[in-house]
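Protein chains get the first letters and strands the later ones, always in sequence-line order, with residue 1 at the start of each.
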2 protein chains.
Amino acid sequence: MTEGSAGGRTPSRAVEQALVDAAERVLVRDGLGGLTVRAVAAEAGVAPMGVYNRFGNKDGLVAAVLARGFDGLAAATSEDTDVDPTARLLACGRNYRRFALAHPQHYGAMFGPGLSQAAPTAELADRADAAFTALVDRVRYGMDRGALRPGDPRGTAQLIWSSVHGAVSLELGGLVLTPDAAASYEALLQMLLDGLR
Amino acid sequence: MTEGSAGGRTPSRAVEQALVDAAERVLVRDGLGGLTVRAVAAEAGVAPMGVYNRFGNKDGLVAAVLARGFDGLAAATSEDTDVDPTARLLACGRNYRRFALAHPQHYGAMFGPGLSQAAPTAELADRADAAFTALVDRVRYGMDRGALRPGDPRGTAQLIWSSVHGAVSLELGGLVLTPDAAASYEALLQMLLDGLR
DNA sequence: ACGTTTGTAGGACAACGTTCTACACCAGGA
DNA sequence: TCCTGGTGTAGAACGTTGTCCTACAAACGT
């Protein structure tokens, strides 16, 4: 224990990163079902025992992968340069969907049924909260500039997140029963802007 | 094959129902991770091989459980007696959340990452479509009576489903970052009515 | 009443997560 | 310089999972 010391006592911290890299590759290639300890260790070129030395167990490894996923989601939803508050919110929503469609396995693992029981780690909750805060900031930006009706930014952000996550989740699950998923998503974003103005 | 014949050749179709009953009990008791073929067979009092005789493999069994779940969801969202179209839509949304909170394991399994790959069965798609149609009917009811802006009922229903599912999904995952999840859900329903009027 | 077909029971196999045991390596004292 | 202590690794091993194979019991058609 006392691993957080400044000594840097771990001579091969790089193995940790290599394992997470390998886990991401395996996840993308073989899906969540193919994400086994042996497969990840083989992909990283280490023994399966390395996973338990570095992350405790398999859940620790997938928690690390999920943490990266939340970071990527936060980065994707933050990469907007528009000054217009409405355009910024729209870009945020579109980037959210783009990230999910570009990394479906990550997204499914992040918000799948594993979150409620397999990984209630405090670190993961912090990452999710950071991604959520990025949205809260954009909502507050919109409220300050009159694009959104004034109110509790966190409550409004939670409302937007619910709708956007639901649309993306259903689309990834093949449950968009309308002809054009992209058009339905755009209609959802427009309805959100209408209902919150 | 040719199982659909009228002969009723299966002398113990009851075993099929007993297996699904047992699977539901195990799912509620031990969660999705505890839903193993052996546990379900033991709970039903039959040999594990019975699962493969009746359902082909484990996925077939869980597909049967999920089909029941979709039926229950359709029944829950349809049990409204209000004549007022707005009240009927609100009841539909509240019943949706009530079902999900009452059967969290079912809901998680129905919409989790298993749907995209583990169970793209035509039967399941039909059940999901039936539950969706119940919502489409209520949307059309609201449009005909002026509670909702006229338009494509399926598109509007998809939009509502996205938002409602997202809110429920985040709540089950413990990702409602506002103090009162019920209040946030009510705000979401109200925003939907506002944005679609 | 017999032969065929159907479903069951139990054991067996590969793969999984996890743990145990023995070995190689790197730092410090004589 | 050698020796000692501790850290991480490699490989085998255990229990459990999904799935399949083989032998046996029961039910239907003639």
> Restricting to pairs with a member in residues 162-181 of chain B, which pass salt bridge (charged side-chain N to carboxylate O under 4.0 Å, His left out), not counting sequence neighbours?
Replying inline: B:Arg97-B:Glu171
> Tracing side-chain links under 4.5 Å among I, L, V, M, F, W and Y, which residues wind up in one group with B:Val28?
Replying inline: none
>> Apply the hydrophobic cluster definition, ILVMFWY joined by side-chain contacts under 4.5 Å directly or through others, and give me every member besides B:Tyr141.
In response: B:Val83
Identify every side-chain donor-acceptor pair in residues 186-197 of chain B under 3.5 Å, counting partners at least two apart or on other chains, and give the distances.
residue: B:Glu186; atom: OE1; partner: B:Arg94; partner atom: NH2; Å: 3.0
residue: B:Glu186; atom: OE2; partner: B:Arg94; partner atom: NE; Å: 2.8

>> Is there a side-chain contact between B:Arg54 and the phosphate of C:dT6, meaning an N or O under 4.0 Å from OP1 or OP2?
In response: no
>> Using the side-chain contact (heavy atoms from CB on, under 4.5 Å) criterion, which residues pair with A:Asp129? Sequence neighbours excluded.
In response: A:Thr133, A:Arg154, B:Leu177
> Base, backbone or nothing for each nucleotide of nucleotides 14-20 of chain C, written B, S, -, heavy atoms under 4.0 angstrom, 5' to 3'?
Replying inline: --BBBBB
>> For a quick test of reading the model: is some side-chain N or O of B:Asn53 closer than 4.0 Å to OP1 or OP2 of C:dT6?
In response: no
> In whole angstroms, how far is the P atom of D:dT17 from the CG atom of B:Leu61?
Replying inline: 15 Å
